[in-house]
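Computed from a predicted structure; not experimentally measured. Along the sequence shown, the residues carry numbers beginning at 1.
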Amino acid sequence: MNKILERSESWVVLEPLKQYLESEGGVSEIRYEWIGNRGSHGDAVLLVEEDVYERARAILDEIDKTDMGDGQPLRDASGRTFAERKALYDKLGKYLVRGVL
């Protein structure tokens, strides 16, 4: 019997997790949960065999561990946060408008 490891609205979200599990030696499968309406489905689910469920859960828990602690702001390639980048674009926009007028 298969057990549900993860659930998402789209299979595209689950595909990287499936590939990661397979690279770590686990076997997984993505399917849709079918709801009662004719021809319609609900969420996509990532299924694993019941005997490897605990190992797969441990593998996915390792993904969440990072060197940075939670609550740290995300930065782009240039090292700016979203707020810093927005402030820069706002300032550049003001100069551009003044130069055009």
With a cut-off of 6.0 Å (strictly less than), are more than 12 heavy atoms of other residues, nucleotides or ligands near OH of Y32?
-> yes

Same apolar cluster: L47 and I30, side chain cutoff 4.5 Å = no

Could you check L88 against L92 for side-chain contact (heavy atoms from CB on, under 4.5 Å), going step by step and ending with a plain yes or no?
-> CA-CA 6 Å; L88 177 66; L92 291 174; 4.1 Å; yes

Between K94 and D90, is there a side-chain N and carboxylate O pair less than 4.0 Å apart?
-> no

Rounded to the nearest 0.5 Å, how far does CG of L14 lie from CG of L5?
-> 9.0 Å

Between E6 and R57, is there a side-chain N and carboxylate O pair less than 4.0 Å apart?
-> yes

dist E84:CD -> Y89:OH (nearest 0.5 Å) comes out at 12.5 Å

Nearest non-hydrogen partners of S10 and A44, listed with the distance = C-CB, 4.0 Å

Not counting sequence neighbours, which residues clear side chain to side chain donor-acceptor pair (under 3.5 Å) with E22? List them please.
-> K18

Any residue meeting side chain to side chain contact (heavy atoms under 4.5 Å, CB included) with E29, in chain and number order, not counting sequence neighbours | N2, R31

Same cluster for V27 and W11 if Ile/Leu/Val/Met/Phe/Trp/Tyr side chains link at under 4.5 Å?
-> no

Residues at least two apart in sequence or cross-chain that pass side chain to side chain contact (heavy atoms under 4.5 Å, CB included) with R7, listed by chain then number, are I4, E33, D43, V45

